[in-house]
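Numbering of residues begins at 1 and proceeds along the displayed sequence. The structure displayed is predicted, hence computed values, not measured ones.
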Amino acid sequence: MASLLRMPEIAANMIEAVLNEWPVAENATFAAGDPIATVETDKAVVDVPAESAGVLVRCLIEPGKAVSVGAPMAVLAAPGEVIDDVDALVRRLVGGPPATADEPTPAGAREVTQNAEPASATTHARIFASPLARRLAREHNLRVEDLRGSGPNGRIVRDDIRQALAARSDEPAPAAAARPRYDEIPHTRMRRAIATRLSAAARETPVFTIRGSARVDALLALRGELNASAGVKVSVNDLIVAAAARAHAAIPDMNVVWTEEAVRRYHDVDLSVAVATEHGLVTPVVRGAQRLTLSGLAEVSAGLVGRARQGKLRQDELEGGTLTVTNLGVYGTEEFSAVINPPQAAILAVGAARPEAVVVDGAPAVATVLRVTLSVDHRPVDGALAARWMAHFLGLLEAPIRILV
């Protein structure tokens with residue numbers, strides 16, 4: 001029997017996702033477990049598997065469109081099922097044009113959009129616009145009557161508002177107004193997700209910070225020796241992540257997260273590595289980092305970083321972990337503090353390694369110094385515990401041969 005494929009709730013509390021592509025063409029068959037749709041969440045691209053074998057009868061959503069959770073995306077049929085009138089079937093199952101996140105028409109209801117203002121006697125044509133488009137038009141002092149819609153049947157949608165704003169920004173402001181010129185960049189879903197999560201963290205998480213520094217000349221020398229002989233290239237960040245994993249293994253009370261019922265202490269050390277992409281910051285997780293060899297960790301990290309920059313991370317690769325390592329040293333940043341990514345308990349901010357004057361055995365000398373800042377959730381972790389962790393971590397950086405053990 002024919003049925004609808006609806007947008008699944010891939011991640012907890014997900015409201016919408018973008019349909020990335022249709023791996024299966026219309027009228028093509030698929031087996032149970034085959035990917036029949038690929039969708040993009042705030043931070044990952046995820047395949048939607050088929051629950052059973054069937055035929056993709058009709059695609060209701062074009063690739064690149066945002067779709068609300070639960071909204072219909074396609075019509076599926078059972079293997080061998082004969083459908084005489086596909087259009088009639090779509091009307092029966094959907095009841096009208098499919099709902100997208102921009103136009104949240106409930107499934108099973110026809111799309112009927114009223115004007116925001118009551119129709120007057122002089123109104124000759126109804127202007128169709130999505131509720132979101134009307135709200136954005138009001139916020140930016142645009143008249144929907146002046147816009148041309150690109151949606152179904154000329155309906156005005158969010159992209160039409162964006163184009164109108166872009167066109168308006170190119171027009172010179174009146175001389176008398178003397179208003180500042182600016183470009184307005186609409187929020188992406190990823191930027192909204194980052195803002196929401198970090199704003200919640202700032203409100204709800206009691207944070208304290210611990211700063212430390214280590215002389216890393218021996219660490220840099222070890223990296224040079226490893227890269228001269230090994231097939232897998234090891235970065236300074238790989239050594240730092242490995243040292244953090246070893247410190248977590250040595251002090252397991254740091255390998256925790258806070259829940260409303262209990263402090264949850266994990267057996268494996270799963271660490272996130274912050275990766276800057278053109279769309280925003282993502283934090284893929286290195287699983288069981290304490291059990292990986294240095295070359296193994298470097299290989300896993302390189303794979304995650306590469307897929308992150310290509311936008312091909314899976315949702316499960318972004319979930320979990322107790323600590324994030326974020327490194328701005330490549331930009332020359334000497335020292336900074338970072339915001340914890342909930343529900344993790346800590347984030348380690350790593351600066352640039354720079355030559356500095358130090359005292360060695362009572363005499364002045366020059367050494368390469370690396371500064372780090374650990375931001376910690378005070379609910380599951382106390383200050384003394386974090387200080388013990390920091391001392392162990394800095395000790396590993398200054399005697400890096402211990403990282404290899």
Side-chain angles (χ1 to χ4, degrees), residues 7 9-20 38-46 64-69 101-102 132 136 139 158-159 162 165 182-207 209 237 241 244 257-258 270-286 301 304-331 333 335-351 372-377 379:
M7 174 62 75
E9 186 179 8
I10 297 167
N13 302 318
M14 188 183 87
I15 299 174
E16 67 177 33
V18 171
L19 174 67
N20 194 285
T38 302
V39 301
E40 182 180 350
T41 66
D42 294 324
K43 295 187 177 181
V45 176
V46 181
K65 294 293 186 180
V67 186
S68 302
V69 170
D102 188 48
L132 176 59
L136 292 174
E139 291 175 355
R158 173 174 51 186
D159 287 344
R162 291 177 175 174
L165 291 174
Y182 59 87
D183 294 327
E184 187 164 278
I185 304 170
H187 298 313
T188 62
R189 292 178 2 270
M190 180 181 289
R191 181 53 55 190
R192 287 186 184 277
I194 291 172
T196 299
R197 288 177 63 83
L198 297 186
S199 295
R203 289 192 305 268
E204 300 169 8
T205 306
V207 177
T209 57
N237 203 60
V241 172
V257 298
W258 173 268
D270 296 339
L271 298 187
S272 300
V273 180
V275 181
T277 73
E278 61 180 8
H279 302 296
L281 186 73
V282 294
T283 53
V285 180
V286 179
S301 294
L304 291 171
V305 170
R307 290 200 302 282
R309 289 175 177 160
Q310 295 169 10
K312 295 183 177 180
L313 287 172
R314 302 188 308 270
Q315 185 67 35
D316 62 283
E317 292 176 317
L318 294 163
E319 297 173 346
T322 57
L323 170 73
T324 293
V325 176
T326 177
N327 191 336
L328 295 182
V330 67
Y331 302 105
T333 300
E335 187 177 0
F336 70 105
S337 59
V339 181
I340 296 172
N341 184 26
Q344 295 185 356
I347 185 167
L348 181 69
V350 182
V372 297
T373 303
L374 183 70
S375 299
V376 185
D377 183 346
R379 292 173 298 178

Please test Thr205 against Arg379 for side-chain contact (heavy atoms from CB on, under 4.5 Å), starting from the C-alpha separation and ending with a verdict.
CA-CA 8 Å; Thr205 306; Arg379 292 173 298 178; 3.7 Å; yes

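Every residue two or more places apart in sequence or in another chain was checked for a salt bridge (charged side-chain N to carboxylate O under 4.0 Å, His left out) with Glu278, and none qualifies. Judged as a side-chain contact (heavy atoms from CB on, under 4.5 Å), and not counting sequence neighbours, the contacts of Val339 are Leu198, Ala201.
How far CG of Asn20 is from OG1 of Thr41: 10.5 Å, rounded to the nearest 0.5 Å. One distance of note links OG of Ser272 with CD of Glu319; it measures 11.0 Å at 0.5 Å rounding. Note that the CG atom of Asp159 and the NZ atom of Lys65 stand 5.5 Å from one another [nearest 0.5 Å]. Taking OG1 of Thr322 as the start and CG of Asn341 as the end, the distance is 11.5 Å to the nearest 0.5 Å. The CG atom of Leu348 sits 11.5 Å away from the CD1 atom of Ile340 when rounded to the nearest 0.5 Å.
Here the shortest heavy-atom pairing between Ser301 and Val286 reads OG-CG2, 3.9 Å. Here the shortest heavy-atom pairing between Ala276 and Leu281 reads N-CD1, 4.0 Å. In terms of heavy-atom proximity, Phe336 sits nearest to Val350 at CE2-O, 3.2 Å. Across every non-hydrogen atom of Ser68 and Met7, the tightest pair is O-CB, 3.3 Å. Of all heavy-atom pairs spanning Ala308 and Thr277, the tightest one is O-CG2, 3.5 Å. The minimum heavy-atom distance linking Leu313 with Leu304 is given by the pair CD2-O, 3.7 Å.
Within the 4.5 Å cutoff, side-chain heavy atoms of Leu19 are placed close to those of Val39.
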Side-chain donor-acceptor distances from residues 324-331 under 3.5 Å, at least two apart:
residue, atom, partner, partner atom, Å
Thr324, OG1, Gln344, OE1, 2.5
Asn327, OD1, Gly329, N, 2.8
Asn327, ND2, Asn237, OD1, 3.0

